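Here's the structure, in structure tokens; my notes come after.
The model shown is predicted, which means the values in this text are computed figures rather than measured ones. What you see below is based on every heavy atom in this structure, not just the backbone, and it leaves out hydrogens, waters and symmetry mates.
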Amino acid sequence: MGRDTNRRQRAVRLTAEALVLVQRRLVDDWQSTELDERLTWPVRAALLGVSTSTAKRILGRKGNDRAALIRALASLGLEWRDEYCEPLPTSIAALVPNVAQAEPPGSTDVTSPAEQSLRRPRKLVVGVVLASAALTIMGLLTFRPPVPDLPYEERPQVKALAVTRAAYHRAEYESARNLVKNAYRLAFDNTDPNTMSEAIRVEGEILAAQGDLEGATARYETALTFRTQFEETWARASLLIALAMAEQKLARYEDARSHLEAAYQDMIEVGDPGGIAEAARELGSFAARQGDLERARAYFDAASHAIRDRPDEAMHTDIRARRAMLLSDEGDHEAALKVLEECLNEWTKRAHPRWRATTLRQIGTVQWAAGQRAAARTSMNDALTAFESVGDRLGAQECKAWLAGHAPLVSRRTPPQ
């Protein structure tokens with residue numbers, strides 16, 4: 001017990017300012033190698049000179065021994081300063097579901113520069129090119145004359161972005177992509193990096209809806225560069241959630257989990273109930289995907305608790321539907337279908353066609369598990385139609401893939417002699 005207690009007391013993390021410095025140096029060091037691969041967690045770990053698990057804890061500000069932080073900064077060529085670290089707040093650990101298990105601390109052995117170069121990546125991707133461009137743009141903004149300030153809602157770039165979002169929610173994606181470019185240009189002309197970042201994020205959301213997940217993740221990573229540079233914690237956390245959702249669909253599960261956990265902690269730090277609920281909800285679904293139903297329920301409980309004072313929040317309905325899928329995983333398909341039908345009715349009343357399509361897809365999945373094969377295919381076809389009606393190509397693609405893999409069996413009849 002004494003040893004564990006002392007370990008917790010020694011736990012420190014990078015300050016927000018130090019994290020920005022480390023992230024910037026990581027990108028600089030990676031680009032200077034002129035190698036060509038994504039900046040994955042193993043790559044980050046190699047540059048930091050630590051294990052992958054330790055790198056995740058350092059960059060996720062989860063808490064490490066002080067020595068691990070000192071070694072990591074030294075690996076990046078940064079001189080250590082005591083003000084770079086702070087004690088890990090106990091409030092963060094207290095809000096993580098009890099069933100969550102601590103990540104192993106991992107090795108903090110120092111690797112030589114030669115060893116690090118052998119472990120460095122071999123491919124350069126669009127995400128970092130865009131991130132580099134974002135840093136250049138931010139430098140240009142620094143030297144531009146200030147634009148006379150206007151009330152937020154009257155700023156031309158803000159109005160343009162609102163029009164873009166409206167087109168996106170109407171599923172008018174091609175129009176939205178043209179509009180978002182105009183919003184970005186206006187934001188640049190008005191020296192507004194906040195709206196520039198939001199425009200890049202919205203473009204990512206448009207690409208995701210159109211099925212271009214690689215393009216979406218590249219935009220999210222670029223927007224993250226702005227948010228990290230300008231220390232926008234809430235916006236950064238929200239972007240991490242969007243990025244993680246795309247990464248899950250691309251089967252980049254470790255990156256997705258790490259980004260969701262970082263987003264959850266950031267939302268707790270800024271005290272945003274909706275953000276906490278959104279991050280916890282996605283962490284619950286991630287745990288369910290991994291088969292850890294107890295952990296999934298704990299996160300869903302945390303999500304519901306965060307927005308308990310908002311009974312009309314639509315997210316409650318989505319969380320109920322995700323809980324229903326856990327019932328189905330445990331074999332109680334009848335109870336799951338009952339809840340999902342209630343959720344479907346709720347989405348219909350709220351006039352949310354995209355969420356209605358999502359619930360129809362969930363119903364089809366449960367019906368198939370319950371042996372209701374014909375009903376399942378009908379529900380999935382209805383979901384496909386609903387996704388197509390709102391222009392959600394990704395949702396439609398997923399339904400088509402399911403239907404292709406669950407086609408009705410063709411009876412084999414003996415040909416007449």
Side-chain angles (χ1 to χ4, degrees), residues 164-180 202-216 242 245-246 248-251 281-282 285 288-289 313-329 333-411:
T164 302
R165 282 201 179 99
Y168 165 72
H169 288 299
R170 291 194 305 268
E172 298 172 359
Y173 298 130
E174 291 306 319
S175 174
R177 289 191 69 174
N178 291 326
L179 289 168
V180 80
V202 170
E203 185 180 14
E205 292 172 346
I206 295 167
L207 291 172
Q210 292 183 307
D212 184 0
L213 294 173
E214 291 287 359
M245 292 170 68
Q248 286 191 73
K249 293 182 183 297
L250 290 167
R281 175 189 63 176
E282 296 305 326
S285 289
R289 179 191 290 273
E313 177 68 52
M315 198 185 306
H316 284 296
T317 302
D318 182 47
I319 294 170
R320 287 187 66 207
R322 298 191 192 206
R323 287 183 189 275
M325 299 304 291
L326 299 183
L327 291 174
S328 180
D329 289 339
H333 307 306
E334 184 178 351
L337 287 171
K338 180 180 179 181
V339 174
L340 288 171
E341 289 289 350
E342 293 171 354
C343 293
L344 183 63
N345 291 334
E346 181 64 23
W347 292 128
T348 302
K349 291 178 183 177
R350 289 176 176 265
H352 285 325
R354 185 177 283 107
W355 281 109
R356 189 174 183 278
T358 298
T359 307
L360 281 168
R361 184 174 58 194
Q362 292 167 324
I363 289 173
T365 302
V366 175
Q367 287 172 328
W368 185 270
Q372 302 172 21
R373 303 304 169 84
R377 283 188 285 269
T378 298
S379 295
M380 199 62 68
N381 272 306
D382 290 344
L384 171 59
T385 300
F387 277 124
E388 289 179 335
S389 71
V390 295
D392 190 327
R393 295 180 188 173
L394 183 60
Q397 288 171 5
E398 291 172 344
C399 289
K400 288 177 181 178
W402 188 95
L403 287 164
H406 298 77
L409 295 174
V410 178
S411 61

Task: Test log, rule side chain to side chain contact (heavy atoms under 4.5 Å, CB included), inputs E342 and R320 - done: CA-CA 9 Å; E342 293 171 354; R320 287 187 66 207; 2.6 Å; yes

Identify each donor-acceptor pair in which a side-chain atom of residues 395-404 lies under 3.5 Å from a protein atom, sequence neighbours left out, and give them as a table.
residue	atom	partner	partner atom	Å
E398	OE1	R361	NH1	2.5
E398	OE2	K249	NZ	3.0

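- Remark: T378 OG1 to L360 CG distance equals 11.0 Å, nearest 0.5 Å.
- Summarising the geometry of Q367 relative to A375, their closest heavy-atom pair is OE1-O, 3.0 Å, with the distance given to 0.1 Å.
- Under the 4.5 Å side-chain criterion, counting only non-hydrogen atoms from C-beta, M325 is in contact with T365.
- Between A321 and Q362, the shortest heavy-atom distance links the atoms CB-OE1, 3.6 Å.
- The CG atom of L344 sits 11.0 Å away from atom OG1 of T358, with the distance rounded to the nearest 0.5 Å.
- Note that the CD atom of E174 and the CD1 atom of I206 stand 9.0 Å from one another [nearest 0.5 Å].
- Looking at residues two or more places apart in sequence or on another chain, you find no salt bridge (Lys or Arg N to Asp or Glu O under 4.0 Å) involving E341.
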Task: Worked verdict on R323 versus V339 for side chain to side chain contact (heavy atoms under 4.5 Å, CB included) - done: CA-CA 9 Å; R323 287 183 189 275; V339 174; over 6 Å; no

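- For E313, the side-chain hydrogen bond (donor to acceptor under 3.5 Å, both in side chains) criterion is met by no residue, not counting sequence neighbours.
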- [ ] Begin with the C-alpha distance, continue with both residues' side-chain angles, and end with the deciding distance and a verdict on side chain to side chain contact (heavy atoms under 4.5 Å, CB included) for T359 and E346.
- [x] CA-CA 10 Å; T359 307; E346 181 64 23; over 6 Å; no

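- Here the closest heavy-atom approach between residue A335 and residue L327 is recorded as CB-CD1, 4.1 Å.
- Distance alone, capped at 3.5 Å, places no donor-acceptor pair between the R393 side chain and the A209 backbone.
- Note that the OG atom of S379 and the CD atom of Q372 stand 8.5 Å from one another [nearest 0.5 Å].
- Separation of atoms CD1 (I363) and CZ (R356) is listed at 8.5 Å; rounding is to 0.5 Å.
- Taking CZ of R177 as the start and OH of Y168 as the end, the distance is 13.0 Å to the nearest 0.5 Å.
- Taking all atoms of both residues into account, the shortest heavy-atom contact from W347 to A314 is CH2-O, 3.5 Å.
- At distances below 3.5 Å, not a single donor-acceptor pair connects side-chain atoms of S328 with backbone N or O atoms of A324.
- Proximity of Y173 to L207: side-chain heavy atoms (C-beta onward) are nowhere separated by under 4.5 Å.
- Counting only distance, with no hydrogens or angles, the side chain of R377 and the backbone of H406 share a donor-acceptor pair below 3.5 Å.
- Across all non-hydrogen atoms, the minimal contact from T164 to A176 is CG2-O, 3.6 Å.
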- [ ] Quick one: do R289 and E282 satisfy salt bridge (charged side-chain N to carboxylate O under 4.0 Å, His left out)? Show the steps, please.
- [x] CA-CA 11 Å; R289 179 191 290 273; E282 296 305 326; over 6 Å; no

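- Residues V202 and R165 approach most closely at CG2-NE, 3.9 Å, considering heavy atoms.
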